Amino acid sequence: MSLTTVLLTILGIAIFAVGLLFSIAWHELGHLSTAKLFGIRVPQYMVGFGPTIWSRRKGDTEYGIKAIPAGGYIRMIGMFPPGADGRVEARSTSPWRSMIEDARSAAFEELEPGDETRLFYTRKPWKRVIVMFAGPFMNLVLAVAIFLGVSMTFGFQTQTTEVAGVQKCVISQSEDRDKCAKGDPVSPAKAAGLREGDKIVSFGGQRIDDWETLSERIRDTIGPAVIVVERDGQELTLNAVLKKNSVAQKDSDGQVVPDKFVDAGYLGFAARTEIVPLSFGDSVVRIGDMIENGVDSIIALPSKIPDLVDAAFSDGERADDSPVGVVGAARIGGEVMTLDVPAQNQVAMMLFLLAGFNLSLFLFNMLPLLPLDGGHIAGALWESLRRNVARVFRRPDPGPFDVAKLMPVAYVVAGIFICFTLLVLVADIVNPVKIT
């Protein structure tokens with residue numbers, strides 16, 4: 001590895017680290033701003049974990065940066081209500097009960113005179129939902145803004161209707177070869193006189209503007225077809241006879257399904273690809289697809305664990321869609337800077353990487369599990385439901401829902417997350433996902 005490659009890799013990792021820190025700070029700013037809006041006292045706003053390397057106090061909040069850029073937090077007074085006896089702290093011989101009491105006690109650290117009206121749990125449930133949702137929402141806003149900006153100005157690698165090359169013969173795509181063998185029939189494209197550089201503007205009497213439409217028309221046609229191409233500024237009519245061939249199967253979104261093949265019409269040419277900016281509407285559709293894929297990925301996380309273990313501790317191959325942690329994403333950022341592509345492509349890829357990271361932060365934090373933001377949101381919504389039901393049936397107000405009672409479950413969930421994070425970390429180090 002040359003010195004230039006090493007320096008470019010370090011630069012890519014550094015750029016991703018800066019983007020990561022900004023994303024974390026942006027997330028916590030959502031919590032901080034809404035908490036202060038609703039009069040909740042926030043003693044700390046920190047980016048990172050571990051030892052504090054810089055901090056400054058402004059008003060009643062300490063703002064700082066810590067040594068490990070793997071997260072961040074704000075500390076709000078009164079996250080959990082006092083116990084049933086009204087006490088903030090009590091002792092118990094039960095380890096599970098001690099977890100609850102410790103969490104309750106920590107929620108009231110640094111309690112000062114006058115804070116009785118500035119406690120988190122005393123705010124109405126809808127305000128608490130806003131405070132806890134604001135953090136993930138900031139990540140969603142950042143992800144959407146980056147994606148819209150890049151997709152509408154830079155665009156995506158897209159197949160066009162221009163011919164990049166013509167196949168000489170018909171070869172089943174299920175076969176592992178690309179050279180013609182004796183007895184292979186001449187491809188319909190070559191027989192019809194299709195040439196590199198031709199732009200297909202009509203197929204079977206239907207005007208064609210995009211590759212997806214052309215691909216579907218070709219697959220649906222076996223037999224004669226009239227093709228109109230634009231060549232040297234003039235339109236020419238070609239007559240082709242499409243053959244049935246085994247071609248790659250596509251899903252409902254038009255994406256190729258790996259190692260799956262179907263019999264369909266075959267013309268025999270390669271489409272040229274180019275970077276095409278998307279319209280606002282198409283960009284919104286892409287964002288919707290990204291969110292849907294992100295949800296599917298989170299649901300599929302447990303099924304990825306065996307392959308992760310195999311990749312981390314054995315000689316298993318790391319799948320392209322394998323979960324990637326902060327270290328793995330940083331390595332990808334470093335790899336992007338070493339690619340032999342124009343600088344604008346590198347910038348776009350880094351921005352897309354950052355957008356994907358922020359979208360993952362949003363989706364992950366919305367899981368209704370403590371200690372994630374979604375767990376606190378679920379607690380506030382449950383409290384609102386209990387109080388409204390009590391009001392409708394004229395029952396006594398049940399009071400705040402004691403989220404602290406769920407802390408033993410939160411510790412179990414946190415333990416699972418930590419173990420999974422360590423597993424991904426090992427896999428990212430010994431068997432990383434690569435883009436080249």
Side-chain angles (χ1 to χ4, degrees), residues 1-29 46-55 63-72 139 142-143 145-158 273-277 290 308 311-313 315-361 364 421-436:
M1 183 181 293
S2 67
L3 178 60
T4 301
T5 301
V6 172
L7 292 177
L8 287 174
T9 300
I10 294 174
L11 176 62
I13 292 173
I15 292 174
F16 177 79
V18 171
L20 171 64
L21 285 173
F22 177 80
S23 301
I24 294 170
W26 185 248
H27 174 105
E28 299 303 335
L29 180 62
M46 289 290 169
V47 177
F49 296 116
T52 301
I53 58 177
W54 174 88
S55 71
Y63 300 85
I65 298 176
K66 291 182 174 287
I68 305 173
N139 292 122
L142 185 57
I146 293 174
F147 190 88
L148 282 177
V150 178
S151 63
M152 294 176 66
T153 57
F154 182 77
F156 285 93
Q157 194 82 12
T158 305
T273 61
E274 61 182 34
I275 296 176
V276 179
M290 284 180 59
L308 271 175
F313 302 106
D315 57 353
E317 184 177 349
R318 190 82 183 270
D320 292 338
D321 61 348
S322 175
V324 174
V326 173
V327 171
R331 291 187 65 156
I332 293 175
E335 194 176 348
V336 166
M337 297 305 295
T338 65
L339 296 177
D340 186 19
V341 296
Q344 62 177 1
N345 292 44
Q346 293 175 325
V347 172
M349 292 176 72
M350 290 294 290
L351 288 173
F352 277 130
L353 181 63
L354 186 61
F357 177 78
N358 276 272
L359 180 60
S360 297
L361 278 180
F364 186 72
T421 300
L422 291 175
L423 174 61
V424 173
L425 174 63
V426 173
D428 285 341
I429 293 174
V430 304
N431 193 355
V433 172
K434 298 180 179 180
I435 59 175
T436 56

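All residue numbers refer to positions in the sequence shown, counting from 1. Values below: all heavy atoms of this structure, side chains included; hydrogens, waters and symmetry mates excluded. Bear in mind that the values here come from a model prediction, so they are computed numbers and not experimental data.
Residues Ala427 and Leu308 come closest through the heavy atom pair CB-CD2, 3.9 Å. Between Ser23 and Asn139 the shortest heavy-atom distance is O-ND2, 3.4 Å. Closest approach of Ile275 to Gly155, counting heavy atoms only: CG2-C, 3.9 Å. For Met152 against Pro277, the heavy-atom pair with the smallest separation is O-CB, 3.6 Å. When all heavy atoms of Ile13 and Ala330 are compared, the pair lying nearest together is CG1-O, 3.3 Å.
Atom CD1 in Ile24 sits 9.5 Å away from atom CG in Asn358 (nearest 0.5 Å). Arg331 contributes atom CZ, which lies 8.0 Å from atom CD1 of Ile429 (distance to the nearest 0.5 angstrom).
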Expected list for residues 63-71: side-chain donor-acceptor pairs under 3.5 angstrom, two or more places apart:
residue : atom : partner : partner atom : Å
Lys66   : NZ   : Gly50   : O            : 3.2
Lys66   : NZ   : Thr52   : OG1          : 2.7

Mind listing the side-chain donor-acceptor pairs of residues 342-357 below 3.5 Å, one per line with the distance, residues two or more places apart or on another chain?
residue : atom : partner : partner atom : Å
Gln346  : NE2  : Val336  : O            : 3.3
Gln346  : NE2  : Met337  : O            : 3.1
Gln346  : NE2  : Leu339  : O            : 3.1

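The side-chain contact (heavy atoms from CB on, under 4.5 Å) check on Thr273 picks up Gln157, Gln159, with sequence neighbours excluded. Remark: Ser360 engages no residue in a side-chain contact (heavy atoms from CB on, under 4.5 Å) (not counting sequence neighbours). For Phe22, the ring pair (Phe, Tyr, Trp, His ring centres under 6.0 Å) partners at least two apart in sequence or on another chain are Trp26. Among residues two or more places apart in sequence or in another chain, the salt bridge (charged side-chain N to carboxylate O under 4.0 Å, His left out) test is passed with Arg318 by Asp428.
With contacts defined as side-chain heavy-atom distances shorter than 4.5 Å, the pair Phe313/Leu423 qualifies.
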Practice item. List the steps, then state whether side-chain contact (heavy atoms from CB on, under 4.5 Å) holds for Ile332 with Phe16. Key: CA-CA 9 Å; Ile332 293 175; Phe16 177 79; over 6 Å; no

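When the options Val326, Val430, Val327 are evaluated for a side chain to side chain contact (heavy atoms under 4.5 Å, CB included) with Leu425, the one that passes is Val327.
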